[in-house]
Each structure stands twice: as C-alpha cells, then as structure tokens.
Peer 1: 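I'd like to ask some things about the structure below.
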Protein chains: 2
Amino acid sequence: MIYLVEPFGGSIRRQSPHTPHVFWDDAGLTRGDGIFETVLVRGGEAKNLQKHLARFARSAAALELPEPVGEQWARVTAEAVADYCRERAQDPAKIEAKCVWTMTRGRETTGVPTAWLTVRPIPADVLAQREQGVKVVTTPRGYTVEPDVEWLGAEAKTLNYAATMAALRWARGKGADDVIYIERGTERVLEGSTSSVIMVKKGQRLRTPAPGPGILAGTTQAAVFDYATKQGWKCKEKDIALGELYGTESVWLVSSTRICARVTELNGKTLPAPDNEAEIRELITKALN
Amino acid sequence: MIYLVEPFGGSIRRQSPHTPHVFWDDAGLTRGDGIFETVLVRGGEAKNLQKHLARFARSAAALELPEPVGEQWARVTAEAVADYCRERAQDPAKIEAKCVWTMTRGRETTGVPTAWLTVRPIPADVLAQREQGVKVVTTPRGYTVEPDVEWLGAEAKTLNYAATMAALRWARGKGADDVIYIERGTERVLEGSTSSVIMVKKGQRLRTPAPGPGILAGTTQAAVFDYATKQGWKCKEKDIALGELYGTESVWLVSSTRICARVTELNGKTLPAPDNEAEIRELITKALN
C-alpha cells in the first residue's frame, strides 16, 4: 500500500502500487536528495514513533529540507496502518508490517517536496533472522566521514545507499547475511549496514558505539537503552574494539523492522548462544512496545 | 523529452514528461542504486559519445549492474536527439541540449533495470558560466574515500549526490557558484562538484589531478587532453596543490554540458583573465567536436 503525502501538513491520497508516481526530474531520483525512515508496525500500530519523528526532523534539517510536520506524519501513518490492518482482515494484534516514510527535495520544475509512505509485509528473510540470527563479516565502510564539515549533513538518513547495497552484495557473496563496519586502522566498531550494534556484557550490561561520524543514531538502539535502563541494566555508549565482540556474552544487530538479530558468526568464527538469549530478545522486543 | 529504454538492447518508447514513470520500489529511488551520464548535444549530435559509453559501462560494472549495450545507447540517443531537433524546428547546427542517461537496479518486485534518457535545453545559468566564469570556494569533501575496499565501486558515477548538492547549497550561501574539493590536511586538489579541474600553465601546458579515490575520471577532461596533445600542448595527470592554482595562468572547470568555465575567483581572491582566455576556451570546445 502506498499513500502520497501532502508535504506541508495536509492529507494523504491513496495511490495504486501498480502506478508509478515519481517523475524523471525528482531530486530523490536524480540525486538521492531525500530522507527516509522505516517504522515497525506491530499490534496494529506504529512503534517507537517519537524517535522516528525526531530523526526524520533531524534528517530534514541536516539537508535543509522543509521541516516535516510531525503531527501529520503520525496521523497519516495511523490512517495507513488502520487501512492495512482492515484490508488484511486479520486480528490487528497479529499483524506485523513495515512502514516507510520518504521525503525528497521534489521535482526540479516545481521545487515542492515529494513525500509518500508505504505499508507492506515484512520480508520473510528478515523475520527469519530474528530467530536464526545472522552471519556477519566486517569491513571498513570504504570512506571515512570527516567530523567537522559544516555543510555535509552526515547525520541525515538519506537515500544514498548505493555503497550500503554494494557492501551487502559483497557480504552475501561470502556466505554472510550482513556486515558490521569497522574503522580502518583502529578496528573500532561502527554499525551494521542498516542496524546498530549492541554488545551484551556480563553483569547485565549493554554497550553500543556512540553516534557520530560513520555511526547513525539508532532509533531501536535508543529505545532499547531507555527500556533496559529502567529494568536495571547498565547501558553505555562507548567505543567498542572489534576484538571485544569475540569474547562478550552476545552481539546483536538492532533495527526497526528486524528488531534484533543475534550475530551467530563473525568473520567465520562462531559466537555461541548465551544462556540468556531468550531474555535478551524479549528485552529488545519489549523496548519497542 | 523523455524516453524509456528497454535495458537489454531493445528499443525506446517515448514517455510524456508530464507522466511519472518511476515506481515507489525502484532501487534508484529508495537506495540511489543506479548510474547516469550527462551528454552534450551540439550541432545535432551527441558529443564525446565513446567516452560516455565507456564510463557508463565502467559504472555499471562497478555496481554489478547489467552491462549497458553501447550500440543501443548510441542509437537511442541519436533517435532522441533527432526528434528533439526536428520538434524544435531550428537549424540543428544551432541547437544545444543536455542528454541524460540513467539506469537503476530496477524495481524490487521485478529485478529488471529501469533505464531512460532525457533530452532538454541547457539551463541558462550553465550557459552563462561558460562566458562569465565561476566563483569558487574550496572545501574538504566531507569524507575520504578509502583506496582499497574491493566492493565499494567508488569509481561509479552513481545517483548518490545528496552530499554534492549540500556542498553547492553551502557554496551559494557564500556567494560562490561552485566548489573545488580539496583533500583534508594535504590541500591536494581533487575535483569540482560536477566537473574536473584543469590548470593551464605557462608554455602550453595543461595539468589535471589523476583520477582515483575522490576523483572521478572526467570524460570532458580526457577529450581535452587527447585533443590538446595533438595540438602540441603538454598534458599531464599529476597532483595539484591548492596553492598552485593561485599563481598559474588560468584554472578551468570542465564538464559535459557546461563544457568549460574559467575560475574567476578562488576563495575570495580574483584570478585575473589570462591573455589566452579565448584560445583556451576554443581549445576545450573544439576538443568535443
């Protein structure tokens, strides 16, 4: 299901998924000049909504796009999700889906942002990774983000994912499911291709690398840290050296629709399942409720 | 004018520019996962075609996209350009236009590449820069491309231009027309935002930075070097330090549709017009014939 969104706070209009809606001169297409968020739909509602709205707004600001109207995106998301659940004729409590928001700088000829949202099933391979975990290879990300370039907007979640897709093709060619990017030279852990890395340590401790150049602030990771802290876990944003991942209790990739996938193999080495695997999975999943 | 291109060597189909043709799940849109070339049309024909075809093929290979059929792209470009000239009802010798080829990885649901080409007038501000030159500010590009990441495909001309667009917004905010990227720390000259840098030195010598990480191989620059060499110029691909640009005879940004624009101001310092300005402009322009 796809809905076109009036970008300045207005309404949505249902669009046939069998009809194209993007013009040849849309900056989202010609330049990747746009932003997106992927939101989990569970139990009939969008999860972790405030953190997605906040990041969407930060992305827009970083790219000097018009500020998304948060109340509007919340409302159109709720409408679209309600349609989706009704048309699937299932108990909404049992429905899971993936809702993607996109806003581009729009057509060259109009200058008005193009915005839309989609709601669709979560792919089977993503669901499977929640249970089966993922095999991961590490790689430098191919470029080092410079920390102090005022115009760059590196903290935006843009449509520029060609390099990410190339990394995933490379990983799959090696029999792995995903990559974890590491900093060249230092082997400092950055992030997954489309996920944050959380390391579980002995003594109810969680750690993730602090967001910054090369590390996008994760909405799921933030929700997990908020919730886990309330449950008595010690949560810290602090550098992780690649070597630490091999010896820790468990390593997880977290992101909105996959929720979490345990890293079962890292660069060919098995990371054995911890005793508290089910507990960690429940902790992360509950953090999104 | 826009034409959809059958991606495996077939025909073109004219598409109304007032009708969208790209679907919500096209990887070119959702991931910037695609490639493009911008080709100058002059005197009724596409210029520098072989170099564009070669780079288009290299971009496709770098991104593991199907190999574009060069003979097809040459043919559909000729057809589209002929239509364009006929419908403008002008002497083709007087028509200039911009032809853009795009190929994406295609829709998620089909996996077939989406390909199209457009032909349209060259924007007035681009034409003006040929005569008036450009004011330029320098900046690090915000990220350093790592030279040895096998999967990255950094030599591809992809649709991932969000950072480039941000750099241009920043430059315009400073009253400049364009940027030249320089390497952080070393101040080595890389390239313009969408152009190659050519430095003209005393004694009929041209220099440009060698292509490599952070420097896309320029089709116009290559044509200029081929032609100028035949005219007795000494042409060299060699590192340029930023400081050298201030003292040299003249500095030019070259790219397919703008052809060339002399840098008249660099970081606020005037670069005076050289005695041979008209000669250089003619040399570069003739190189594309």
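Each chain gets a letter, A, B and so on, in the order the sequences are listed, and its residues count up from 1.
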Peer 1: Under 4.5 Å from any heavy atom of chain B, what part of A/L29 do you find: side chain, backbone, both or neither?
Peer 2: both

Peer 1: What part of B/W116 lies closer than 4.5 angstrom to a heavy atom of chain A: side chain, backbone, both or neither?
Peer 2: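 B/W116 touches chain A through side-chain heavy atoms alone.
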
Peer 1: A quick test of your reading: do over 12 heavy atoms of other residues, nucleotides or ligands sit less than 6.0 Å from CD of A/E96?
Peer 2: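 Enclosed: over 12 neighbouring heavy atoms sit under 6.0 Å from CD of A/E96.
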
Peer 1: Just so I understand: if I count every heavy-atom pair under 4.5 Å between each of A/T104, A/T144, A/T164, A/V149 and chain B, which residue has the most?
Peer 2: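 The residue among A/T104, A/T144, A/T164, A/V149 with the greatest pair count is A/T144.
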
Peer 1: Could you pull out the closest heavy-atom pair between B/A162 and A/N160, with the gap in Å?
Peer 2: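 Scanning both residues completely, I find the closest heavy atoms to be N-OD1, 3.2 Å.
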
Peer 1: Would you call the rings of B/W151 and A/W170 parallel, tilted or perpendicular if under 30° counts as parallel and over 60° as perpendicular?
Peer 2: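 Tilted.
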
Peer 1: Let me know if B/A167 has heavy atoms under 4.5 Å from chain A in its side chain, its backbone, both or neither.
Peer 2: both

Peer 1: Please state whether the side chain, the backbone, both or neither of A/R141 comes within less than 4.5 Å of a heavy atom of chain B.
Peer 2: backbone

Peer 1: Below 4.5 Å from any heavy atom of chain A, which atoms of B/P213 appear? Answer side chain, backbone, both or neither.
Peer 2: neither

Peer 1: Taking side chain as everything from C-beta outward and backbone as N, CA, C, O, which of these in B/E150 sits under 4.5 Å from a heavy atom of chain A? Side chain, backbone, both or neither.
Peer 2: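 When you check distances to chain A, only side chain atoms of B/E150 fall under 4.5 Å.
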
Peer 1: For the CZ atom on B/R13, are there more than 12 heavy atoms of other groups (residues, nucleotides or ligands in this structure) within a distance under 6.0 Å?
Peer 2: no

Peer 1: Counting only heavy atoms not in A/K157, do more than 12 fall under 6.0 Å of its NZ?
Peer 2: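 Yes.
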
Peer 1: Sort out for me which of A/T109, A/D148, A/D25 touches chain B most, counting heavy-atom pairs under 4.5 Å.
Peer 2: A/D148

Peer 1: Below 4.5 Å, heavy-atom pairs only: which of B/A154, B/G214, B/P140 has the largest tally toward chain A?
Peer 2: B/P140

Peer 1: Under a 4.5 Å heavy-atom cutoff, which of B/R107, B/R169, B/H18, B/R105 has the most pairs with chain A?
Peer 2: B/R169

Peer 1: In terms of heavy-atom pairs under 4.5 Å, which option from A/G142, A/G34, A/P17, A/A27 contacts chain B the most?
Peer 2: A/G142

Peer 1: CZ/A/F36 to CZ/B/R31 distance, rounded to the nearest 0.5 angstrom?
Peer 2: 5.0 Å

Peer 1: Out of A/T158, A/L152, A/T102, A/V100, which one racks up the most heavy-atom pairs below 4.5 Å with chain B?
Peer 2: A/L152

